[in-house]
*Asks:* 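Just passing along the structure, written as structure tokens.
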Amino acid sequence: MAANTSSIAPAPPLKDELDIVIPTIRNLDFLEMWRPFFEPYHLIIVQDGDPTKAIKVPPGFDYELYNRNDINKLLGPRASCISFKDSACRCFGYMVSKKKYIYTIDDDCFVANDPSGKAINALEQHIKNLLCPSTPYFFNTLYDPYREGADYVRGYPFSLREGAPTAISHGLWLNIPDYDAPTQLVKPLERNTRYVDTVLTIPKGTLFPMCGMNLAFDRDLIGPAMYFGLMGDGQPIGRYDDMWAGWCCKVICDHMGLGIKTGLPYIYHSKASNPFVNLRKEYKGIFWQEDIIPFFQSVVLPKECTTVQKCYIELSKQVKEKLSKVDPYFDKLADAMVTWIEAWDELNPAGASQANGKA
């Protein structure tokens, strides 16, 4: 009996507390590679583009699938805040999830191998990152002190060793790097082959370019700020959706005393997108980011902003006030940010009251 008991595989971590969100325009054959890691979890698939196209999901997965018709039906006029013909549509999956944690991955991302050749369970590492505190207030030169074999170094204040709750785990990629179009054009053959066995906390007051293709977050802590903006069809910009969400989340995490980790886990990014198509999408953003970054660096949220929703509404006001002079698009984006929060609170009344209860 004891032998049989010891042979029982442990339950997948956070099995009933985590959803996997996948935006796609194609059949999800890539899930076969992820089956050993993803099959125990619930998938939320957000189909972009033509809603009449049938998307095939391999058998054996527990999933729900939403297309544009579903988004319009569920959100009504507020569906205007969800991007169309852009992977930014994935944030609709964050909104309809009822789980505490979210992992999101692109459909061209495969299982990577570590230097020993072992397949990397990216989801498991993200969970480890989220369940351990972050250290945004004082940098630990051994990086994550909560990893096995590490601790706080000499000189690290004991008063800060409890750390801060981790809101976001930002994973990386082997093979195709996450480059912008100009860098793609001058380095078309470059591949990332460096596996760096490191997790670190992004310091308070420091922004970073968040990539959404290998990302996990605590939906209860930061979900309402994880809005990927207005991108794609009908918009003057694309490929800045995840970065916009990252900048918003970072200033809100800094204000709320939350942490963001980056580094492990790696996934294998299988194919490069067309740099000429990307340049057309990014063109305005390449100029605008020279104003956007200083804006986020200077954002100050008042102490009255005691919930993520309040922070995000305040941020939308500042976007309208300071970035709309860069381009009228930001006026439209600021309005969409408010619409997003309204839709979020309508679909998540318990979450909204819980967040407000933290005030």
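Values reported hereafter were calculated over all heavy atoms of this structure, with side chains retained and with hydrogens, waters and symmetry mates removed. Source: prediction; values computed, not measured.
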*Asks:* What verdict does the side chain to side chain contact (heavy atoms under 4.5 Å, CB included) test give for T262 and M210, after you've listed the backbone C-alpha separation in whole Å, the side-chain angles of each residue and the deciding distance to 0.1 Å?
*Replies:* CA-CA 9 Å; T262 187; M210 189 172 80; over 6 Å; no
*Asks:* If you take all heavy atoms of I20 and I105, which pair is closest and at what distance?
*Replies:* CG2-CG2, 4.4 Å
*Asks:* Please, which pairs that meet salt bridge (Lys or Arg N to Asp or Glu O under 4.0 Å) have at least one residue in residues 279-305, sequence neighbours excluded?
*Replies:*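 Every salt bridge (Lys or Arg N to Asp or Glu O under 4.0 Å) pair that includes a residue of residues 279-305, provided the two are not neighbours, is R239-E282.
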*Asks:* Taking the side chain from N274 and the backbone from F276, do they hold a donor-acceptor pair closer than 3.5 Å?
*Replies:* yes
*Asks:* Under 6.0 Å between the ring centres of F217 and Y94?
*Replies:*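 Yes; Y94 has its ring centre under 6.0 Å from that of F217.
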*Asks:* If we only count heavy atoms from C-beta on, is the I120 to Y195 side-chain gap below 4.5 Å?
*Replies:*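 A side-chain contact under 4.5 Å exists here.
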*Asks:* Testing the basics here: between T104 and P23, what is the closest heavy-atom pair and its distance to 0.1 Å?
*Replies:* OG1-CD, 4.3 Å
*Asks:* Going by heavy atoms in the side chains, are Y63 and Y41 under 4.5 Å from each other?
*Replies:* no
*Asks:* Starting at CZ of R154, measure out to OG1 of T141 and round the result to the nearest 0.5 Å.
*Replies:*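 One finds 9.5 Å between CZ of R154 and OG1 of T141.
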*Asks:* Between T306 and M256, what is the shortest heavy-atom contact and its length?
*Replies:* O-CE, 3.6 Å
*Asks:* Less than 4.5 Å apart, side chain to side chain, heavy atoms only: is that true for L65 and Q47?
*Replies:*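 Yes - at least one pair of side-chain heavy atoms lies under 4.5 Å apart.
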*Asks:* Sequence neighbours excluded, which residues qualify as side-chain hydrogen bond (donor to acceptor under 3.5 Å, both in side chains) partners of Y179?
*Replies:*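 For Y179, the residues satisfying side-chain hydrogen bond (donor to acceptor under 3.5 Å, both in side chains) (neighbours in sequence not counted) are E190.
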*Asks:* Determine the minimum heavy-atom distance between A88 and G229, stating which atoms define it.
*Replies:*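 Closest heavy-atom pair between A88 and G229: CB-O, 4.4 Å.
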*Asks:* For P224 and V308, work out which heavy atoms get closest and say how close.
*Replies:*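 Looking at all heavy atoms of both residues, the shortest contact is CB-CG1, 3.8 Å.
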*Asks:* So, S298 side chain and P294 main chain: donor-acceptor pair closer than 3.5 Å or not?
*Replies:* yes
*Asks:* For T135 and N140, which I'm curious about, is there any donor-acceptor pair between the side chains at under 3.5 Å?
*Replies:*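 No.
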*Asks:* Among all residues two or more places apart in sequence or in another chain, which pass the side-chain contact (heavy atoms from CB on, under 4.5 Å) test with D19?
*Replies:*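 Residues passing side-chain contact (heavy atoms from CB on, under 4.5 Å) with D19: H42, I44, S97, K99, I102.
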*Asks:* With a 4.5 Å heavy-atom cut-off, do C91 and M226 have their side chains touching?
*Replies:* no
*Asks:* In chain order, what residues pass the side-chain hydrogen bond (donor to acceptor under 3.5 Å, both in side chains) check against S116, with sequence neighbours excluded?
*Replies:*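 Applying side-chain hydrogen bond (donor to acceptor under 3.5 Å, both in side chains) to S116 gives D114.
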*Asks:* Which residue pairs pass the salt bridge (Lys or Arg N to Asp or Glu O under 4.0 Å) test with at least one member in residues 30-50, sequence neighbours excluded?
*Replies:*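 The answer is E32-R35, R35-E39.
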*Asks:* Should the heavy atoms of other residues, nucleotides or ligands under 6.0 Å from NZ of K325 be counted, would the total exceed 12?
*Replies:*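 No, not enclosed.
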*Asks:* Hey, are the side chains of L31 and I22 touching, using non-hydrogen atoms and a 4.5 Å cut-off?
*Replies:* yes
*Asks:* Between Y329 (side chain) and L230 (backbone), is there a donor-acceptor pair under 3.5 Å?
*Replies:* yes
*Asks:* If hydrophobic clusters are built from ILVMFWY residues whose side chains come within less than 4.5 Å, do Y103 and F61 share one?
*Replies:* yes
*Asks:* Return the CG to CG distance between L130 and L14, rounded to the nearest 0.5 Å.
*Replies:*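 Here the interatomic distance stands at 8.5 Å.
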*Asks:* Run the side-chain donor-acceptor check on residues 156-168: report pairs under 3.5 Å with partners two or more places apart or on a different chain.
*Replies:*
unit_1	atom_1	unit_2	atom_2	d
Y156	OH	F138	O	2.5
R161	NE	Y156	O	3.2
R161	NH2	Y156	O	3.0
T166	OG1	C132	O	2.5
T166	OG1	S134	N	3.3
T166	OG1	S134	OG	2.6

*Asks:* Determine yes or no for a side-chain-to-main-chain donor-acceptor pair under 3.5 angstrom, with H170 supplying the side chain and C211 the backbone.
*Replies:*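 It does hold such a pair.
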*Asks:* Supply the atom-to-atom distance D86 CG to D241 CG, rounded to the nearest 0.5 angstrom.
*Replies:* 5.0 Å
*Asks:* Does K73, at its NZ atom, have more than 12 non-hydrogen atoms belonging to other residues, nucleotides or ligands within less than 6.0 Å?
*Replies:*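 No - once you tally the heavy atoms of other residues, nucleotides and ligands closer than 6.0 Å, there are 12 at most.
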*Asks:* Taking C-beta and beyond as the side chain, do I286 and D180 meet within less than 4.5 Å on heavy atoms?
*Replies:* no
*Asks:* Should H126 and N214 count as side-chain neighbours, where that means a heavy-atom distance under 4.5 Å?
*Replies:*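 In contact.
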*Asks:* The test is side chain to side chain contact (heavy atoms under 4.5 Å, CB included); show your working for F295 and V319 and say whether it passes.
*Replies:* CA-CA 8 Å; F295 163 75; V319 167; 3.8 Å; yes
*Asks:* Between Q125 and N121, is there a side-chain donor-acceptor contact under 3.5 Å, judged purely by atom types and distance?
*Replies:*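 The criterion, which ignores hydrogens and geometry beyond distance, is not satisfied for Q125 and N121.
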*Asks:* Okay, side chain of D70, backbone of N67: is any donor-acceptor separation there less than 3.5 Å?
*Replies:*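 Pair found, side chain donor or acceptor close to backbone of N67.
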*Asks:* Given side chains that start at C-beta, do those of I25 and K85 come closer than 4.5 Å, heavy atoms only?
*Replies:*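 With C-beta onward as the side chain, the pair stays apart.
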*Asks:* For E321, check side-chain hydrogen bond (donor to acceptor under 3.5 Å, both in side chains) against everything at least two apart and list the hits.
*Replies:* none
*Asks:* Quick check: does any side chain N or O of T201 sit under 3.5 Å from a backbone N or O of P136, one acting as donor and the other as acceptor?
*Replies:*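 Absent.
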*Asks:* Pairs in or reaching into residues 242-251: which pass side-chain hydrogen bond (donor to acceptor under 3.5 Å, both in side chains), with residues at least two apart or in two chains?
*Replies:*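 Only K250-D254 qualify under side-chain hydrogen bond (donor to acceptor under 3.5 Å, both in side chains).
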*Asks:* Just do the side chain to side chain contact (heavy atoms under 4.5 Å, CB included) check on Y227 and C81 with the steps written out, would you?
*Replies:* CA-CA 9 Å; Y227 175 47; C81 72; 3.6 Å; yes
*Asks:* Tell me if a side-chain donor or acceptor on Q318 pairs with a main-chain N or O of V300 at a distance below 3.5 Å.
*Replies:* yes
*Asks:* Where do I71 and F84 land on the side chain to side chain contact (heavy atoms under 4.5 Å, CB included) test, with the steps shown first?
*Replies:* CA-CA 10 Å; I71 295 172; F84 183 56; over 6 Å; no
*Asks:* May I ask you to list the residues sharing a hydrophobic cluster with Y143, side-chain cutoff 4.5 Å, ordered by chain and number?
*Replies:*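 Members besides Y143, by chain and number: F139, L200.
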*Asks:* Going by atom types alone, do N175 and Y268 pair a side-chain donor with an acceptor below 3.5 Å?
*Replies:*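 Looking only at side-chain atoms, Y268 and N175 do form a donor-acceptor pair, the distance falling under 3.5 Å.
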*Asks:* Determine the minimum heavy-atom distance between R219 and M95, stating which atoms define it.
*Replies:*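 Nearest heavy atoms, R219 then M95: NH2-O, 3.2 Å.
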*Asks:* Which residue pairs pass the salt bridge (Lys or Arg N to Asp or Glu O under 4.0 Å) test with at least one member in residues 196-211, sequence neighbours excluded?
*Replies:* R147-D197
*Asks:* Could you tell me the separation between the OH atom of Y266 and the CG atom of N192, rounded to the nearest 0.5 Å?
*Replies:*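 Between atom OH of Y266 and atom CG of N192 there are 6.0 Å.
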*Asks:* Tell me whether R191 contacts the main-chain N or O of L174 through its side chain, where contact means a donor paired with an acceptor under 3.5 Å.
*Replies:* no
*Asks:* Residues sharing L142's hydrophobic cluster, by side-chain heavy-atom contacts under 4.5 Å among ILVMFWY, directly or via others?
*Replies:*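 Besides L142, the hydrophobic cluster comprises V153, listed by chain and residue number.
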*Asks:* Rounded to the nearest 0.5 Å, what's the gap from CD1 on I222 to SG on C248? Could you check?
*Replies:*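 So the CD1 of I222 and the SG of C248 are separated by 9.5 Å.
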*Asks:* Please check if F208 and Y137 belong to a single hydrophobic cluster, counting links between Ile, Leu, Val, Met, Phe, Trp and Tyr side chain heavy atoms closer than 4.5 Å.
*Replies:*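 No: no chain of side-chain contacts under 4.5 Å links F208 to Y137.
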*Asks:* Using the benzene-type ring in the case of Trp, are the ring centres of W288 and Y240 under 6.0 Å apart?
*Replies:* no
*Asks:* Which residues pass the salt bridge (charged side-chain N to carboxylate O under 4.0 Å, His left out) test with E124, sequence neighbours left out?
*Replies:*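 Applying salt bridge (charged side-chain N to carboxylate O under 4.0 Å, His left out) to E124 gives none.
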*Asks:* Any donor and acceptor pair, going by atom type alone, linking the side chain of H255 with main-chain N or O of C305 inside 3.5 Å?
*Replies:* yes
*Asks:* To the nearest 0.5 Å, tell me how far R78 CZ sits from W344 CH2.
*Replies:* 14.5 Å
